[in-house]
Amino acid sequence: MSTATSRVLSRLDQHRPWLEDLYRHLHAHPELSMAEHATSARVIEEIKGMEGAEELEIVTGLATTGVVVVVRNGEGPTVLMRADMDGLPVAEDSGLDYASTVRVQNELGESVPVMHACGHDTHVATLLASLRLLLESRDAWSGTLLVVFQPAEEAENGADAMVADGLVDRLPAPDVALSQHVLPGPAGSVLVASGPIMASCDDFRITLRGKGGHGSAPHTALDPVVMAASLVMRLQTIVSRQTSPAATAVVTVGRMVAGTKTNIIPEQAVLEGTVRTYDADVAAACLAAIERTTRAEAAAWGAPEPKFETFDHLPVTDNDPETTAVVRSALAAELGEDQVRVFHPESGSEDFSSLPNAWGIPYCYWGFGAFEASDWRKREAAGTLAELPDNHSPQFVPVLQPMLDTGVRAMVAATLAWVGVGSGH
Ligand code: ZN
Ligand code: ZN
């Protein structure tokens with residue numbers, strides 16, 4: 001363990017009750033994407049109460065609820081540390097005394113439950129605690145920190161919105177960016193891997209145009225429902241027949257909308273879906289194949305030109321090998337080699353990399369374990385891990401400890417690998 005890390009973490013014991021209370025408060029008060037007003041206000045309030053707060057630059061108004069704290073502490077590298085803040089429209093079913101009972105109106109005016117079902121509350125709490133500890137041991141490190149509290153990861157647009165609001169112009173350029181996510185795994189451990197670990201995401205919408213008519217006389221109409229059914233099956237052959245077996249890709253049509261009544265052939269059918277890959281070229285090839293197949297399907301029916309649109313793009317989360325090696329050895333030194341597990345690539349997506357990509361800097365994104373370790377190991381041995389809830393489940397509630405401590409120790413150790421006095425990096 002480096003001396004800088006042990007010095008900064010020496011006050012963790014003292015601050016643990018504060019950290020746990022803060023986490024429980026955040027957990028009980030989740031907010032939906034781009035509506036993280038109370039969370040953002042609490043973040044600012046906590047920061048203003050920290051040691052040396054009067055010297056901090058607190059940048060607000062990036063993507064409405066986004067908060068960035070700039071900590072200047074002498075010569076040295078600039079490290080971006082990021083947490084996302086949003087909850088999800090999920091009804092919590094955890095039985096905990098600090099469970100969320102929050103309901104809000106969503107953008108459509110419907111009443112929906114809200115829960116921190118992805119664990120972003122752990123990210124906010126552990127990043128605030130890391131900041132507090134680093135501020136209280138300024139002599140243990142030298143450099144600049146950009147501590148980022150980002151809205152709307154779940155809506156896939158929070159990081160992009162911060163960039164659009166002038167992130168790059170308003171802040172000093174970082175040398176490296178770090179972020180972590182609480183994930184299924186034994187609490188106390190971290191999950192690390194180099195290279196692509198989370199997929200890119202490209203959502204698409206297809207509008208097939210037909211010709212409406214009576215359901216009893218299909219020959220006088222042009223049926224977009226049959227066209228859509230045929231197209232969905234064809235799209236499933238893109239991955240099996242057109243992408244390389246060595247590449248990973250998923251094409252899913254998740255939404256089909258057509259028609260109003262049994263005996264009416266509708267005018268149009270709308271399909272929406274998503275493409276997930278670990279390679280921008282593979283994603284582009286899949287999208288091109290989807291569009292080409294869609295146009296050919298319509299042409300085969302003699303139908304009007306269909307409309308093909310893409311929306312919601314998330315880049316691949318692709319950990320820089322050199323940066324990841326530094327992070328990995330810092331985490332192993334702090335937590336123990338046996339607590340560093342392999343982060344197996346996921347087909348889920350994440351918008352964190354939009355922040356480092358805005359500057360063109362390297363980054364590392366890792367996981368930390370959510371569940372009680374002895375139960376995890378028992379299940380691992382028995383092959384029953386799948387019974388545990390995944391992120392976004394109404395039962396996804398991490399154990400308090402050592403989950404929270406591990407999140408703080410990991411973020412502090414990784415950050416000090418760049419700015420720690422005597423860290424040698
Ligand atoms: Zn999530
Ligand atoms: Zn998440």
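Indexing begins at 1, ligand by ligand and atom by atom, following the structure's order. Computation of the quantities below employed the complete heavy-atom set of this structure, encompassing side-chain atoms and omitting hydrogens, waters and symmetry-equivalent molecules. Residue numbers run from 1 in the order of the sequence given. On a predicted model such as this, the values are computed, not experimentally measured, just so you know.
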- Message: Check this for me: Glu75, atom CD, are more than 12 non-hydrogen atoms of other residues, nucleotides or ligands nearer than 6.0 Å?
- Response: no
- In this structure, are over 12 heavy atoms from other groups packed under 6.0 Å from Glu107 atom CD? no
- Message: Counting backbone and side-chain atoms alike, is an N, O or S atom of Cys118 positioned under 2.8 Å from the Zn ion (ligand 2)?
- Response: yes
- Message: the Zn ion (ligand 1) and His120: any N/O/S contact shorter than 2.8 Å?
- Response: no
- Item | Residue Glu154, metal the Zn ion (ligand 1), N/O/S under 2.8 Å | yes
- Identify the residue among His181, His27, His116 that makes a ring-ring contact (aromatic ring centres under 6.0 Å, His included) with His123. His181
- Query: Does the ring centre of Phe343 sit less than 6.0 Å away from the ring centre of Phe368?
  - Reply: no
